[in-house]
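Single-structure report; data block below.
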Amino acid sequence: MTLGAQIAWDDTVLPFQLDHADIRGRLARVDGVLDKVLSQHNYPAPIEALVAEAVLLTAMIGQTIKLRWRLSLQVRGSGAVRLIATDYVAPTGDGAPAQIRAYASYDAEALDLEAAAFEQLGKGYFAVIIDQGEDMAPYQGITPIAGGSLSSCAETYFAQSEQLPTRFATAFGRSTLAGQDERWRAGGVMLQHMPKASPHAKDAASGEEGLLAAGDLVEGDDAENWSRANILLDTVEETELVGPTVQPTDLLVRLFSEESPRIFDAQQLEFGCTCSEDKVRQSLSIYSAKDIGHMTLDDGTVSADCQFCGAHYVLDAKSVGFEAEQDGKE
């Protein structure tokens with residue numbers, strides 16, 4: 001692959017469809033965006049790995065939904081890893097990039113740097129939140145943390161909450177290309193059976209803890225097609241997923257040549273944060289002057305930091321809260 005081709009596929013999600021099998025999919029490459037997300041923080045290796053996987057899943061899931069505004073993933077655990085949160089903000093128009101941001105919260109003292117990252121989530125839940133804007137109520141779907149990875153959690157979510165057979169193959173980690181600095185790279189493929197008008201699940205759920213799995217939602221020809229597509233996906237190698245030596249279009253042809261994959265226009269991704277001073281003021285508007293007083297620093301200001309991008313906001317304490325003495329900004 002030439003350098004130009006590599007750059008063209010960096011930070012993209014490529015939609016495709018396997019018409020013979022009635023399956024849609026997404027192939028994602030996330031590198032510069034992921035590096036930017038992680039550079040905002042100084043996370044230990046297990047946390048970086050969880051954030052990398054969550055960002056990759058967010059890119060693929062977000063692109064499958066006709067979003068007007070934002071899709072969020074939230075993974076909350078009872079263990080050393082307390083929270084993994086990501087946002088996918090829809091493109092503002094044709095040809096515009098989608099924006100992704102992410103952050104994690106964890107107990108540094110309880111975190112075991114040698115243990116598997118996913119195991120340190122403990123009990124908890126995996127949530128998908130879809131916010132279509134001010135005039136529509138947000139949708140939230142929740143499933144328990146299950147399986148051995150965030151990808152497994154996402155598969156369970158789609159089976160349990162959406163009745164959609166879904167499969168993810170992912171790879172992520174630090175890599176070094178010739179003449180370049182070490183950086184994070186991630187790649188993955190998402191397969192999803194096209195929605196049915198009246199989905200029907202088998203009586204017995206085969207997933208962990210009695211939850212539905214993808215195979216519980218297909219039967220007959222659909223089950224055969226789903227199984228065949230998954231067997232083909234099982235042949236993918238991590239280096240093919242992460243890239244950059246294999247072009248995504250070439251990979252899809254190699255994997256699914258028997259299915260005659262139909263490929264659509266790629267969606268570009270970029271790091272982006274929706275925080276602003278106005279939103280900080282809005283979040284503080286629920287507090288009384290007394291409450292604001294407890295937050296006020298010696299110099300008479302109130303400060304706030306964005307957990308996603310690290311932006312630092314400093315506001316006049318008298319100008320915030322529902323009892324503000326003055327309107328407007330400093």
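Keep in mind that what you see is a predicted model, and the values were worked out from it rather than measured. Only heavy atoms go into these numbers, but all of them, side chains included; no hydrogens, no water, no symmetry mates.
- Heavy-atom neighbours of D299 CG from other residues, nucleotides or ligands within 6.0 Å: above the threshold of 12.
- The aromatic rings of F308 and Y103 lie perpendicular to each other, with more than 60° between the two planes, well past the 30° mark.
- Taking both residues in full, the closest heavy atoms of A52 and L34 are given as CA-CD1, 3.6 Å, listed atom of the first, atom of the second, then distance.
- For D31, the salt bridge (Lys or Arg N to Asp or Glu O under 4.0 Å) criterion is met by R185, not counting sequence neighbours.
- In this structure, Q140 places its CD atom where more than 12 heavy-atom neighbours from other residues, nucleotides or ligands lie under 6.0 Å away.
- Side-chain atoms of Q40 never come within 3.5 Å of backbone atoms of G310 as a donor-acceptor pair (strictly under, hydrogens ignored).
- The main-chain N or O of P44 is never found under 3.5 Å from a side-chain atom of E48 such that the two would form a donor-acceptor pair.
- Of all non-hydrogen atoms in I145 and K123, the two that sit nearest each other are CD1-C, 4.3 Å.
- The shortest heavy-atom contact between F172 and V242 is N-CG2, 4.2 Å.
- More than 12 heavy atoms of other residues, nucleotides or ligands lie within 6.0 Å of OH in Y313, so this atom counts as buried by the packing criterion.
- In plain terms, the two heavy atoms of L241 and V189 that are nearest each other are CD2-CG2, 3.7 Å.
- When each of E240, E237, E259 is tested with R254 by the rule salt bridge (Lys or Arg N to Asp or Glu O under 4.0 Å), just one qualifies, namely E240.
- Using modelled atom types, one side-chain atom of E53 and one backbone atom of S151 make a donor-acceptor pair closer than 3.5 Å.
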- side chain to side chain donor-acceptor pair (under 3.5 Å) assessment of R68 paired with Q132: CA-CA 5 Å; R68 290 174 53 193; Q132 296 285 31; 5.3 Å; no

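- Note: I84 CD1 to F126 CZ = 11.5 Å, rounded to the nearest 0.5 Å.
- A 6.0 Å sphere centred on CD of E119 holds no more than 12 heavy atoms belonging to other residues, nucleotides or ligands.
- At distances below 3.5 Å, not a single donor-acceptor pair connects side-chain atoms of N225 with backbone N or O atoms of D222.
- Across P165 and W226, no two heavy atoms sit closer than the pair O-CH2, 3.4 Å.
- The other residues sharing a hydrophobic cluster with Y125 are I142, where clustering joins ILVMFWY side chains under 4.5 Å apart.
- Remark: the N230 side chain and the S227 side chain contain no N/O donor-acceptor pair separated by less than 3.5 Å.
- F16 and F256 have parallel rings, their planes meeting at less than 30° on a 0 to 90° scale where 60° marks the start of perpendicular.
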- Task: Verify side chain to side chain donor-acceptor pair (under 3.5 Å) between D278 and S276, making sure each step is shown before the conclusion.
- Result: CA-CA 5 Å; D278 285 340; S276 67; 5.1 Å; no

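- With sequence neighbours excluded, the residues forming a salt bridge (Lys or Arg N to Asp or Glu O under 4.0 Å) with R167 are D234, listed by chain and number.
- A salt bridge does not link E258 to R228: none of the charged nitrogens lies less than 4.0 Å from a carboxylate oxygen.
- In this structure, a donor-acceptor pair under 3.5 Å is absent between the side chains of T166 and E155.
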